[in-house]
Amino acid sequence: MEKKEQIEIFQADREILNLRQCMEVTGFSRGLLYKMTSQRTIPHYKKGKFVLFKRSEIMEWLFDNKVKSKEEEEKEIETLLSGEKVGGC
(Lines give C-alpha, C1' and ligand atoms only; values in the text may rest on other atoms or scores of the structure.)
Protein backbone atom coordinates (compact mmCIF):
# COMPACT_ATOMS: atom_id res chain seq x y z
CA MET A 1 0.00 0.00 0.00
CA GLU A 2 1.35 3.41 -0.95
CA LYS A 3 1.95 6.06 1.69
CA LYS A 4 -0.70 8.34 0.15
CA GLU A 5 -3.31 5.57 0.45
CA GLN A 6 -2.31 4.96 4.08
CA ILE A 7 -2.69 8.66 4.88
CA GLU A 8 -6.12 8.80 3.19
CA ILE A 9 -7.32 5.76 5.18
CA PHE A 10 -6.03 7.32 8.41
CA GLN A 11 -7.72 10.62 7.69
CA ALA A 12 -11.02 8.90 6.82
CA ASP A 13 -11.17 7.58 10.39
CA ARG A 14 -10.46 10.92 12.07
CA GLU A 15 -13.05 12.24 14.51
CA ILE A 16 -11.75 15.83 14.46
CA LEU A 17 -12.02 17.54 11.07
CA ASN A 18 -10.53 20.77 9.81
CA LEU A 19 -12.45 22.94 7.36
CA ARG A 20 -11.14 21.16 4.25
CA GLN A 21 -12.01 17.75 5.66
CA CYS A 22 -15.48 18.96 6.63
CA MET A 23 -15.91 20.22 3.07
CA GLU A 24 -15.10 16.71 1.80
CA VAL A 25 -17.48 15.02 4.25
CA THR A 26 -20.43 17.34 3.63
CA GLY A 27 -19.82 18.42 0.04
CA PHE A 28 -20.36 22.03 1.14
CA SER A 29 -18.19 24.87 -0.16
CA ARG A 30 -15.69 26.73 2.03
CA GLY A 31 -17.84 29.87 1.86
CA LEU A 32 -21.00 28.04 2.93
CA LEU A 33 -19.22 26.42 5.88
CA TYR A 34 -17.81 29.78 7.01
CA LYS A 35 -21.26 31.34 6.69
CA MET A 36 -22.85 28.51 8.69
CA THR A 37 -20.23 28.73 11.43
CA SER A 38 -20.66 32.49 11.73
CA GLN A 39 -24.43 32.03 11.96
CA ARG A 40 -23.92 29.11 14.38
CA THR A 41 -26.13 26.82 12.32
CA ILE A 42 -23.57 23.99 12.12
CA PRO A 43 -21.87 22.40 15.15
CA HIS A 44 -18.23 23.50 15.32
CA TYR A 45 -15.37 24.48 17.60
CA LYS A 46 -12.85 27.30 17.44
CA LYS A 47 -9.29 26.99 18.67
CA GLY A 48 -7.54 30.27 18.00
CA LYS A 49 -7.92 30.93 14.28
CA PHE A 50 -8.84 27.31 13.51
CA VAL A 51 -12.38 26.10 12.91
CA LEU A 52 -12.80 22.43 13.82
CA PHE A 53 -15.63 19.95 13.54
CA LYS A 54 -16.42 16.58 15.12
CA ARG A 55 -17.24 14.03 12.44
CA SER A 56 -19.92 12.35 14.61
CA GLU A 57 -21.66 15.68 15.30
CA ILE A 58 -21.57 16.65 11.62
CA MET A 59 -23.03 13.30 10.57
CA GLU A 60 -25.77 13.55 13.20
CA TRP A 61 -26.49 17.16 12.20
CA LEU A 62 -26.69 16.22 8.50
CA PHE A 63 -29.29 13.53 9.13
CA ASP A 64 -31.32 14.95 12.03
CA ASN A 65 -34.18 16.35 9.95
CA LYS A 66 -35.34 13.35 7.97
CA VAL A 67 -38.31 14.00 5.73
CA LYS A 68 -40.77 11.14 6.06
CA SER A 69 -41.88 9.31 2.96
CA LYS A 70 -45.58 9.25 2.11
CA GLU A 71 -45.65 5.59 3.14
CA GLU A 72 -44.18 6.43 6.56
CA GLU A 73 -46.70 9.23 7.03
CA GLU A 74 -49.60 6.98 6.05
CA LYS A 75 -48.47 4.29 8.51
CA GLU A 76 -48.16 6.90 11.26
CA ILE A 77 -51.66 8.22 10.53
CA GLU A 78 -53.08 4.69 10.54
CA THR A 79 -51.38 4.01 13.85
CA LEU A 80 -52.72 7.24 15.35
CA LEU A 81 -56.25 6.49 14.16
CA SER A 82 -56.09 2.97 15.60
CA GLY A 83 -55.08 4.40 18.99
CA GLU A 84 -51.60 2.85 19.13
CA LYS A 85 -48.58 4.78 20.36
CA VAL A 86 -46.15 6.14 17.76
CA GLY A 87 -42.39 6.24 18.18
CA GLY A 88 -42.27 4.07 21.29
CA CYS A 89 -43.56 6.84 23.57
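Hydrogens, waters and symmetry mates play no part in the numbers below; they use all other heavy atoms, side chains included.
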Using only atom types and a distance under 3.5 Å, with no angle test, would you say the side chain of Arg55 pairs donor to acceptor with the backbone of Leu17?
no
Looking at Ile58 and Pro43, what are the two nearest heavy atoms and their distance?
CD1-O, 3.6 Å
Minimum heavy-atom separation for Thr37 to His44, with atom names?
O-CE1, 3.3 Å
Arg20/Glu24 under salt bridge (charged side-chain N to carboxylate O under 4.0 Å, His left out): CA gap, chis, key distance, verdict:
CA-CA 6 Å; Arg20 182 186 54 77; Glu24 291 172 5; 2.8 Å; yes
May I ask you to test the Lys54-Ile16 pair for a side-chain heavy-atom distance under 4.5 Å?
yes
Report the distance from atom CG of Asp64 to atom CD of Glu57, rounding to the nearest 0.5 Å.
12.0 Å
CG on Leu81 to CD on Glu76, rounded to 0.5 Å
10.5 Å
Assess whether atom CD of Glu73 is packed by more than 12 heavy atoms of other residues, nucleotides or ligands within 6.0 Å.
yes
According to a hydrophobic-cluster definition based on side-chain heavy atoms being under 4.5 Å apart (Ile, Leu, Val, Met, Phe, Trp, Tyr only), do Tyr45 and Tyr34 belong together?
no
Determine the interplanar angle of the Trp61 and Phe28 rings, folded into 0 to 90°, and report it as parallel if under 30°, tilted if 30 to 60°, perpendicular if over 60°.
perpendicular
Are Phe50 and Leu19 packed together at the side-chain level, in the sense that at least one heavy-atom pair is separated by less than 4.5 angstrom?
no
Would you say Leu33 and Leu52 are hydrophobically clustered, going by side-chain heavy atoms of ILVMFWY under 4.5 Å?
no
Closer than 4.0 angstrom, basic N to acidic O: yes or no for Lys75 and Glu71?
yes
In short, Ser56 meets Glu15 closest at the heavy-atom pair OG-OE2, 2.6 Å
